[in-house]
Structures are given as structure tokens and as C-alpha cells.
Amino acid sequence: MSATITSTWRQVAARVVRHEDWGGGHRWLDLEVPGDLPAPAAGQFVQLLLPPPNPVLLPRPMSIAGARRARGRAVLGFLYAPVGAGTKALAALPVGAELELLGPLGRGYPLEAPGTPLLLAGGRGVAPLLFAADALARAGRRSTFLFGARTAAQLVGLAEARARLARNGGRLHLCTDDGSRGRRGTVVDLLEALAPRLAGPLVIHACGPHGMLAAVARWGLAHGVPAHLAMESVMACGTGVCRGCPLPRSAERRAAFDPAATPSLYGNREYAMCCTEGPVFEAHDLDWERVE
Ligand SMILES: Cc1cc2nc3c(=O)[nH]c(=O)nc-3n(C[C@H](O)[C@H](O)[C@H](O)COP(=O)(O)OP(=O)(O)OC[C@H]3O[C@@H](n4cnc5c(N)ncnc54)[C@H](O)[C@@H]3O)c2cc1C
Ligand code: FES
């Protein structure tokens, strides 16, 4: 399992300080929160609870795409798509609006893992990897960033990724399924082509659709390259209480499962809880044939 674990979340008032259209059906949101909120790790997420009148009862999970501190306050950044009632209501919040934020939640990327970091993003999965690229740069480590989407228009956040990597000395490689930008093909095709040219050993940190993450996990397992994948699940509580975010454990992890050594907010022998044991899992942790 991944090494990084944090359970020091808090529920705080957050204020919208920047909220803009980023094209491709996505928006960027900056929320100001109290400066003593525990510092998040890349790959962790928050639950956002909208102010009344609120069309949805439950908070909505969102990956942290950036974090900075200024004048005793902290600002967390998010890249999101308004897809349903909750995120559409979020999209309508003006600068100055207040909401509740629960976090930071879950287990982030183990960026301290040895090896040359390869960041693999699919579509809006770029969000936590923008944060990971910054964190690696702060630790004095360069990253190689592979960013893919179905079409050029869906490479959302490309300008931001380019700017952050330019600041950090990282390298950006692009691909699209239709060849409209970068290499034609998937992120895994790009990985296959680039990996032999990169200084090993490699360590992968990825986020994107589950189909892409399953392919990255299989590639990592086949090549003996550790791969850390940020998963999603429909979530209610985000804290391990509701048992609503199960992901199937691998046979290896089921065999090694020890109930006595498993925290109560984790899952059972069959299923891991995405919100507490993840959202970042190592490729060996899950049964990729049964991940939906
Ligand atoms: C750990 C985590 C991190 C996330 N980070 C981001 C992010 O950085 N940016 C972003 O845009 N979204 C992110 N999401 C997804 C986001 O939480 C959902 O899109 C949101 O909850 C949908 O709420 P809604 O009320 O707008 O839509 P709903 O009306 O609840 O659902 C609209 C549609 O989206 C589907 N859906 C809902 N939740 C999910 C989900 N988790 N995964 C896939 N499909 C879903 C529903 O099945 C439905 O088809 C993340 C989810 C998780 C679990
Ligand atoms: S969302 Fe409630 S247990 Fe994971």
C-alpha cells in the first residue's frame, strides 16, 4: 500500500476568491480557508458543502489542484467540470460566496517514493497532478508530465500545466486519441514510447478515467514500475463512515488482509474504501478486472 496517510481533516468555512471558466466545460476555483487547516498532500481531496438553498443534500468530493499560503490564510485551487446539480450549483457561486469545506481527506501520492517521477494525466485527471508537479519541484525533483485527452479541446488546464512545468523545470508530453494535439494515441501508448528513453528506475503517479488507470496499472505491473493511481468513487461522507465508496481489492491484498490490523474506517477483506484507503492506490492494491 502507499505510504502517505493523513487523517487530520477539519470542517472549515471557505470563501470563493477566484472562479473562472477554463474552457472545455471546466472551471477553476480558488477557495480561501483558515491558515491553520492542515497542509494537504497532492492526491488528497476535500468535500465541498454548498450554502443553502442547496440542490444537493451531500457534499461533493473534489481533488486539490493547488495550495498556497498568504497573509495567514491558505488558498486551495480546484479544476472541475459542472456535470450535475451539485457542481452546477458550485459553478454559480460568485467571488465572495461562502461554503463549507471538509479536508484534507484521504491518502495522497507518495511523492517521496524513490525513482524518476512520471506524472500521467487523462483529461480532468490533470487536477491533482498539477499539485504533484509543484510539490515535487519544491522537493527539488523534476517530473516528466504525460498529458492526454480524447481531443485537443479536452486538454483542459494545458496552459497551467505548461506554465507550472516551465517554472519547475519539468518536461511536458502531450497526446490525443484523435491526433489533434501531440502524439496520436493514449497516455499508455505515450508511456510505452517514452519509458525506454527515461532514466530509471521510474515511479508513476496517475489520475484519469478508471479505464486509463487500469491500463496504467497493468503497464506498471508488467514492467515492474510502481504505479500510484488516484481513483474516484461516488462518495457520501468522504471519511469512511457510510461505506459507500468500495473498490475491489486484489487477490494478493485479500490474502494478506488482517482484520485486527485494519482501522475501522477502512474496508473489509473484499473491498477497500476509496475515501480512507485511497483515493490514491498502488497498482497491486486493486483487482483491475473488477474496477468499474
Ligand atoms: C476523490 C474524488 C476527487 C474528485 N475530483 C474531481 C475534480 O478534481 N474535478 C472534477 O470535476 N470532479 C472531481 N470528482 C468528481 C466530482 O465529485 C463529481 O463530478 C461530482 O460529485 C458530481 O456531483 P453533481 O451533483 O454535480 O452530479 P450528480 O448529479 O451527482 O452526478 C452527475 C453525473 O456524474 C456522475 N458522477 C457523480 N460522481 C461521480 C464520480 N465521483 N465519478 C464519476 N462520475 C460521477 C453521476 O453518476 C452522474 O452521471 C472527484 C470525485 C472524487 C471521488
Ligand atoms: S464516502 Fe463514505 S465511506 Fe467512503
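What you see is a predicted model; the values in this text were computed from it and never measured. Whatever order the structure lists ligands and atoms in, that order sets their numbers, starting from 1. Position 1 is the first residue of the sequence; numbering continues from there.
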Task: Option among R68, R73, R15 that satisfies the salt bridge (Lys or Arg N to Asp or Glu O under 4.0 Å) test with D30 - done: R68

TODO: Kindly indicate whether atom 30 (O) of ligand 1 is approached by any protein heavy atom to under 4.0 angstrom.
DONE: yes

Open item on the list: Show the atoms of ligand 2 that are less than 4.0 angstrom away from any heavy atom in M235.
Closed with: 1 (S)

Open item on the list: Can a donor-acceptor pair be found, under 3.5 Å and without considering hydrogens, that links the side chain of Q11 to the backbone of L102?
Closed with: no

Task: C237 and ligand 2 - part of the residue with a heavy-atom distance under 4.0 Å - done: both

Open item on the list: At under 4.0 Å between heavy atoms, is it the side chain or the backbone of R124 that contacts ligand 1, or both, or neither?
Closed with: side chain

TODO: May I ask which of A89, G84, P55, A65 has a heavy atom nearer to atom 32 (C) of ligand 1 than the others do?
DONE: G84

Open item on the list: List ligand 1 atoms under 4.0 Å from S233, heavy atoms only on the residue side.
Closed with: 41 (N), 53 (C)

Task: Per atom 42 (N) of ligand 1, closest listed option by heavy atom (E232, M231, R27, Q47) - done: E232

TODO: May I ask you to identify, for A85, whether its side chain, its backbone, both or neither come under 4.0 Å of ligand 1 on a heavy-atom basis?
DONE: backbone

- [ ] Considering the heavy atoms of R243, write down every atom of ligand 2 situated less than 4.0 Å from one of them.
- [x] 2 (Fe), 3 (S)

TODO: For ligand 1, indicate whether the residue Y80 contacts it via side chain, backbone, both or neither (heavy-atom separation under 4.0 Å).
DONE: both

- [ ] Examine all N, O or S atoms of C245, backbone included, and report whether one is under 2.8 Å from atom 2 (Fe) of ligand 2.
- [x] no

Task: Contact partition for V241 relative to ligand 2, non-hydrogen atoms under 4.0 Å - done: backbone

Open item on the list: Check whether S250 reaches the backbone of H284 with its side chain - one donor and one acceptor, N or O, closer than 3.5 Å.
Closed with: yes

TODO: Pick, from V83, L50, V280, the option with the minimum heavy-atom distance to atom 19 (O) of ligand 1.
DONE: V83

Open item on the list: Is atom 35 (C) of ligand 1 touching the protein, meaning some protein heavy atom lies under 4.0 Å away?
Closed with: no

Open item on the list: Which option wins on minimum heavy-atom distance to atom 21 (O) of ligand 1: E292, R60, H210?
Closed with: R60

Open item on the list: Heavy-atom distances under 4.0 Å decide this one: backbone, side chain, both or neither, for L90 against ligand 1?
Closed with: neither

Open item on the list: When you measure from atom 51 (C) of ligand 1 to the protein, is at least one non-hydrogen atom found at a distance under 4.0 Å?
Closed with: yes

Task: atom 47 (O) of ligand 1 within contact range, any protein heavy atom under 4.0 Å - done: no

TODO: May I ask you to decide if A199's main-chain N or O and T116's side chain share a donor-acceptor pair within less than 3.5 Å?
DONE: yes

TODO: Output yes when a protein non-hydrogen atom is found under 4.0 Å of atom 14 (N) of ligand 1, and no otherwise.
DONE: yes

Open item on the list: I'd like to know if atom 23 (O) of ligand 1 has any protein heavy atom within a distance of less than 4.0 Å.
Closed with: yes

Task: Per-atom contacts of ligand 2 with C242, taking only distances under 4.0 Å to non-hydrogen atoms - done: 1 (S), 2 (Fe), 3 (S)

- [ ] Determine whether any heavy atom of C274 lies closer than 4.0 Å to an atom of ligand 2.
- [x] no

Open item on the list: Regarding ligand 1, does M235 bring an N or O atom to under 3.5 Å of one of the ligand's N or O atoms?
Closed with: no

- [ ] Say whether F78 and ligand 1 are in contact under the criterion: heavy-atom distance to a ligand atom below 4.0 Å.
- [x] no

Task: Backbone of T144 reached by a side-chain donor or acceptor of R171 within 3.5 Å - done: no

Open item on the list: Show the atoms of ligand 2 that are less than 4.0 angstrom away from any heavy atom in G238.
Closed with: 1 (S), 2 (Fe)

Open item on the list: I'd like to check whether P279 has a polar contact with ligand 1, where a contact means an N/O of the residue lying under 3.5 Å from an N/O of the ligand.
Closed with: no

Open item on the list: For the CZ atom on R10, are there more than 12 heavy atoms of other groups (residues, nucleotides or ligands in this structure) within a distance under 6.0 Å?
Closed with: yes

- [ ] For ligand 1, find out whether one of its N or O atoms is nearer than 3.5 Å to an N or O atom of V56.
- [x] no

Open item on the list: Residue-level breakdown please: for C274 versus ligand 1, do any non-hydrogen atoms fall below 4.0 Å on the side chain, on the backbone, on both, or on neither?
Closed with: neither

